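Please read all numbers here as calculations on a predicted model, not as lab measurements. All heavy atoms count here, side chains included; hydrogens, waters and symmetry mates do not. Chain letters run A, B, ... following the sequence lines, proteins first and then strands; every chain starts at 1.
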Amino acid sequence: MHLLASRTGNGEILVLSLDAEGNVAGPALRLPSHELPGYVLGQERDRPRWVWEDTARIYPLLLAAGIRVQRAHDLRLCHAILRQSSLTQASALARAEPSRWDRAVAFEPAASASGVTLFDLFDSDGDSAAGSAAAGFGTQAEYRRQLDAVRASAEPGRLRLLLAAESAGALIAAEMQFAGLPWRTDVHDALLTRELGPRVAPGIRPERLENLARRIRDAVGEPGLNPDSQPDLMRALQKVGLKVTSTRAWELKELTHPVIDPLLEYKKLARLLSANGWYWMDTWIVDGRFHPEYIPGGVVTGRWATRGGGALQLPKQVRGAVVADAGWKLVVADAAQLEPRILAALSADTAMAQAGRGTDLYAGIVAGGVVETRDHAKVAMLGAMYGATRGESGRLLPRLAKAFPRALALTETAARAGERGESVTTRLGRSSPRPGERWLATQAKAYDPGATDADERRARSQARDWGRFTRNFIVQGSAAEWALCWMAEVRRELRMLPQGAQGASGSEFDRAPHLVFFLHDEVMVHTPAALADTVEEIIRRAADNAGRHLFGDFPVDFLLTVATVDSYAQAK
DNA sequence: GAGTCCGCTCGG
DNA sequence: TATACCGAGCGGACTC
């Protein structure tokens, strides 16, 4: 059963019951918006799939009302996929003129804080006036277009899985933001004080940072130097005879001079203060939880982006502040060498899959005699997936290509397609964007009779850049699909635990295991300690299932590193 | 003063 | 012992 919820012209929510083709299969229901949460809760027993315009706008208000839904279809996210996918290019959806479904939606964060009601967040579209979906841009019309596009595609099964996973991701994103990552400000504050010195007002250097700044100024003989000014620092270093081309830490590390040690230490601590210092803590930690905004589909490849608090870059330095509640545990799992395994499966390279069977894939490559050290195996693999040509990685590539011809052929083919300006497509059907007008113009110019050498060089270099992008796109994008399927399975199974059932007292997030963090190939579940073992099993089973969903019987392992810990710092 | 770009460092 | 892919976000410098 599919229930499509949209806004009517007269202040109500319209709920349509639809069949698998998107046709109306029951009487329409009109509800005042304040009655929607109760209605949704009542319907959840039948596990409907809610069809709505934008999970990120709607779901937070249901969550705030204590309601979780099991399944959804996010029309905005799914439209973006189908619009672009090479598998649906013949569909009416892909051929239509741009409409409101193609607009990037700038949704309001913290809607609940400003008295926004559910009604405001649903789309108003003409579906209510019978037949005036004639405009064709209503939610039901859009849903039917999406179903049609999938049904007529070459790979309906894969696309259905992708759309379901993307939509489940949107639910998870909203739930994780709502629940938050457990964060101990007292631990964080102690850590900052130990590293930087006692807390000071914003704009003032903490004691240890100020001491280091003084040592830097002394060492270069410039009492007024501001070590935060890159140009000034650069000049000062050159004045004392250091031939640097930048002030990056790795370049400074190579040098010997009294200024280097304090400068490297200064950079490390200045970064800690500016990125995750007290100001960050005050801004982002609310009632012991970090609530970053996750943005599913926010990266072209299908990875998630985030906004606020830098959730994609939580430094290892501060992970000690992520601590489970008393009586609870954190189960942290990451997929080991995910992208090479994805590449092996995508290309059906059985030799490469074999190298990772039951073991660290890089170690397996060494064991197979392809290269001498794990580091070499890793550098060579990354080079194959990212398109390295020079250096160590470039030198090792031929050996990799000899051992794993199918895998390397796949990345090469993807790169060549990109160089020609073509798009490439992931396992489940997400396609890369086409290069823009300027790219095409630059290529065209190189073929012009009057083209100069510089024109040709520019065109070649730009083509290779785009080739590296498409080369990486299919691997990174397919890995993102695997991770979405993995996480969706984890969520589904967690909710089937008795403690996950709705209706008991208190918020589900206060009594049952739930996802609290996700980062490309890593998930974290906050769970009552007694259930930690069960959660681990669920996470492992979900990884196996995700592999089967994407790659069927192809014999590739998706190995996990799983740790049940009190603090994130103890994982890995 | 607001907006934008650069350089840098963090994450995968 | 950098290089190649995808990001977020900061402080400073620069532009209008």
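- Looking at heavy-atom distances under 4.0 Å, Arg395(A) makes no contact with the nucleic acid at all.
- Closest to the Thr306(A) side chain, of the nucleotides dA4(C), dA2(C), dA8(C), is dA8(C).
- Between Asp287(A) and Arg289(A) there is no salt bridge, since no side-chain N of the basic residue sits under 4.0 Å from a carboxylate O of the acidic one.
- The pair Glu419(A)-Arg460(A) does not meet the salt-bridge criterion, since no charged nitrogen lies less than 4.0 angstrom from a carboxylate oxygen.
- Backbone-only contact: Ala249(A) has heavy atoms under 4.0 Å from sugar-phosphate atoms and none from a base.
- Distance, Lys268(A) NZ to dC10(C) C1': 19 Å, rounded to whole Å.
- Glu254(A) comes within 4.0 angstrom of sugar-phosphate atoms only, judged by non-hydrogen atoms across all strands, and of no base.
- A sub-4.0 Å separation between OP1 or OP2 of dC5(C) and a side-chain N or O of Arg468(A) is present.
- One finds no salt bridge joining Arg215(A) and Asp218(A) here, because no Lys/Arg side-chain nitrogen approaches an Asp/Glu carboxylate oxygen to under 4.0 Å.
- What you find for Thr470(A) and Ser432(A) is that their closest heavy atoms are CG2-OG, 4.0 Å.
- Considering only side-chain atoms of Gln230(A), the nucleotide from dA2(C), dC5(C), dG7(B) that sits closest is dG7(B).
- Of the candidate nucleotides dG12(B), dG7(C), dT3(C), dT3(C) has the atom lying nearest to any side-chain atom of Val379(A).
- Contact annotation for Glu392(A): base contact, defined as any heavy-atom pair under 4.0 Å involving a base atom.
- For Ser393(A), the listed nucleotide lying nearest its side chain is dT3(C); candidates were dT1(C), dT3(C), dC6(C).
- Between Gln476(A) and the phosphate of dC5(C), there is no side-chain N or O to OP1/OP2 separation shorter than 4.0 Å.
- Contact annotation for Gly309(A): backbone-only contact, meaning every heavy-atom pair under 4.0 Å involves sugar-phosphate atoms and none involves a base.
- If you take NE2 of His376(A) and P of dA2(C), they are 14 Å apart, rounded to a whole angstrom.
- dG12(B) atom C1' lies 14 Å from atom CE of Met487(A), rounded to whole Å.
- Residue Leu192(A) forms a side-chain contact (heavy atoms from CB on, under 4.5 Å) with just one option from His188(A), Glu195(A), Arg194(A), and that option is His188(A).
- Taking for each of His520(A) and Asp375(A) the nucleotide of DNA chain C with the nearest heavy atom, the 5'-most of the two is the partner of Asp375(A).
- Comparing atom distances between the Ser274(A) side chain and each of dG11(C), dG12(B), dG7(C) picks out dG11(C) as nearest.
- The side chain of Leu519(A) lies closest to dG11(B) when the candidates are dG11(B), dA13(C), dC5(C).
- Residue contacts for Phe473(A): at a heavy-atom cut-off of 4.0 Å it reaches no nucleic acid atom on any strand shown.
- With dA8(C), dG12(B), dC10(C) as the choices, the nucleotide that has an atom nearest any side-chain atom of Ala305(A) turns out to be dA8(C).
- Atom CD in Gln313(A) sits about 11 Å away from atom C1' in dG12(B), given to the nearest Å.
- Atoms OH (Tyr568(A)) and P (dG11(B)) sit 10 Å apart, rounded to a whole Å.
- Comparing dC8(B), dG12(B), dG12(C) by their nearest atom to the side chain of Thr247(A) picks out dC8(B).
- Residue Arg248(A) has a polar side-chain atom (N or O) positioned under 4.0 Å from OP1 or OP2 of dC8(B).
- In this structure, Glu481(A) atom CD and dG12(B) atom P are separated by 22 Å, rounded to whole Å.
- If you check every strand for non-hydrogen atoms under 4.0 Å, Val475(A) touches nothing.
- Salt-bridge annotation for Arg217(A) and Glu210(A): present, with a side-chain N of the basic residue lying under 4.0 Å from a carboxylate O of the acidic one.
- A close approach under 4.0 Å does not occur between any side-chain nitrogen or oxygen of Lys316(A) and OP1 or OP2 of dC10(B).
- Using a 4.0 Å heavy-atom criterion, one finds that Gly308(A) contacts the sugar-phosphate atoms exclusively.
- The distance between atom CG of Asn472(A) and atom P of dC5(C), rounded to the nearest whole Å, is 8 Å.
- One can find a donor-acceptor pair under 3.5 Å joining the base of dT9(B) and the side-chain atoms of Arg271(A).
- Rounded to whole angstrom, the span from the OH atom of Tyr386(A) across to the P atom of dA2(C) amounts to 18 Å.
- One finds a salt bridge joining Asp232(A) and Arg235(A) here, because a Lys/Arg side-chain nitrogen approaches an Asp/Glu carboxylate oxygen to under 4.0 Å.
- Between Asn226(A) and dG12(C), a side-chain N or O to OP1/OP2 separation shorter than 4.0 Å is present.
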